[in-house]
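Written out below as structure tokens is the structure these notes cover.
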2 protein chains.
Amino acid sequence: MELSKTSYVILGMLKLGRRTGYEIKALVDVSTRFFWAASYGQIYPELARLEKQGLVKGEVDRTNGRRPKAYELTAAGERALRDWLTSDDPLHIELRHEGALKFFFSDALTPEEQLDQLRRTRRTHEDLAAQLRAIEPESEAGKPPAPLMTLEFGIAYQEFLAGWCAEAERRLTPGQVKKGS
Amino acid sequence: MELSKTSYVILGMLKLGRRTGYEIKALVDVSTRFFWAASYGQIYPELARLEKQGLVKGEVDRTNGRRPKAYELTAAGERALRDWLTSDDPLHIELRHEGALKFFFSDALTPEEQLDQLRRTRRTHEDLAAQLRAIEPESEAGKPPAPLMTLEFGIAYQEFLAGWCAEAERRLTPGQVKKGS
DNA sequence: GGCGTCATGTAATACGTTACATGATTAC
DNA sequence: GTAATCATGTAACGTATTACATGACGCC
């Protein structure tokens, strides 16, 4: 593999239209961020690298004295994006979940403390679900469905996690009958 | 924050009993790996750092000429673990999901290619769920419930993701106009 | 004039993986 | 004896975050 996954985020965003690094970052923050984040420290150097490889082409817009450098895909860039999108290489899928980690070790706590932590984790996911719901999507007929479905996925994902916490809370609340007994 | 999250994995594993770095790694691989992984390159240097900070104590076992260096928690280490377990600092929760990323950009593909990718992602999660189910847990009465529940969580999590893919496949499959399938 | 936003970029640092080097013990 | 497993550790590399430095433009 030559390109990092994050460079495909950039290529993909440029496939949707000509953009500056700043705009790419803003778009990532309201779309792919919840399953693939990217920071300026990655985006700007990566844009330079992609340009050197001939996958994107940048042009400084001087029409009114400003200096935003907008990039667009080259033919080679389109090919690279397409190859990645259709490849069947093993997918990079990774979760880092401090709440689950704490829960794993939480038998060292009192039952109340253990429940407190579960509630905190649940609230975190409820907040994240609310944040995603606040992103009002521009869903028009005829528009490609994937971005909207991805947003729905994000919401369902956070709700699943919040729901799991809620069920675990129930199971660990004293006075409840244990499952399977 | 002084300690990295990964050092709490180590402290937590040592809370469960005296262990060598090798054993910690093996334990992580069948338990926390799916929401917090760790490699030798992290574990051994981190153990050394934790010992310098007085949170763990290592002793070389020379009873029969071997050299496994087993570590255990010190009182300070127990305190550090407990403080982390009960703290209400924002949780580090992060997902990197290449399948979701591809799906987000997949409107650039033909419907068949798009479905192919969804199926690949689904199969990945189905495989992961199967792997987790293969981990036979030692669930005895009186044993702490969290590790077992965490395993159940892992399975439910992978199944949720596989299920979401299946539903997306259904939604993107053109209505049964064709015959002969 | 000052604030917010647009805009680009770098440096320091942290985090993490992989591959490598080394060697003992155990089971066949 | 030889293969698997136990066991420790480092070096090189890659990936990513954070903070910082810089400055223009538009609006109030």
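First the proteins, then the strands, lettered A, B, ... as listed; each starts at 1.
Distance CD (A:Glu98) to C1' (C:dC15): 15 Å, rounded to an integer number of Å. Atom NZ of A:Lys5 and atom P of D:dG14 are 15 Å apart (whole Å). In this structure, NZ of A:Lys25 is placed 14 Å from C1' of C:dA7, rounded to the nearest angstrom. The CG-C1' distance, from B:Leu47 to D:dA7, rounds to 13 Å in whole Å. What separates CD1 of A:Ile10 from C1' of C:dT8 is a distance of 14 Å, to the nearest Å. Atom CD1 in A:Ile43 sits roughly 15 Å away from atom C1' in C:dT10 (whole-Å rounding). With rounding to whole Å, B:Glu2 atom CD is found 17 Å from C:dT13 atom P. Remark: C1' of C:dT22 and OH of B:Tyr40 are 14 Å apart, rounded to the nearest angstrom.
Note that B:Lys5 lies outside the cation-pi zone of B:Trp36, set by a 6.0 Å cut-off to the ring centre and a 45° limit from the axis.
Residue pairs meeting the salt bridge (charged side-chain N to carboxylate O under 4.0 Å, His left out) criterion with at least one partner in residues 27-36 of chain B, sequence neighbours excluded, are B:Lys25-B:Asp29.
Residue A:Thr6 places at least one side-chain N or O under 4.0 Å from the OP1 or OP2 atom of D:dA16. Between B:Tyr22 and D:dC6, a side-chain N or O to OP1/OP2 separation shorter than 4.0 Å is present. The shortest distance between the side-chain N/O atoms of A:Gln42 and the OP1/OP2 oxygens of D:dT17 is below 4.0 Å. The shortest distance between the side-chain N/O atoms of A:Thr20 and the OP1/OP2 oxygens of C:dC6 is not below 4.0 Å. The phosphate of D:dA16 (OP1 or OP2) has a side-chain N or O of B:Arg96 nearer than 4.0 angstrom.
Distance alone, capped at 3.5 Å, places no donor-acceptor pair between the B:Glu51 side chain and the B:Ala48 backbone.
Aromatic pair B:Tyr157/A:Tyr157: ring centres closer than 6.0 Å.
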One pair to check against side chain to side chain contact (heavy atoms under 4.5 Å, CB included): B:Phe103 and B:Leu172. What are the steps and the verdict? CA-CA 12 Å; B:Phe103 182 66; B:Leu172 291 175; 3.7 Å; yes
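Residue-level contact check: A:Gly21 touches the backbone only, with heavy atoms under 4.0 Å from sugar-phosphate atoms and none from bases.
Residues B:Tyr71 and A:Ala38 each lie close to DNA chain D; by heavy-atom proximity, the contact nearer the 5' end of the strand is made by B:Tyr71. Both B:Gly41 and B:Glu23 sit near DNA chain D, but only B:Glu23 has its closest nucleotide nearer the 5' end.
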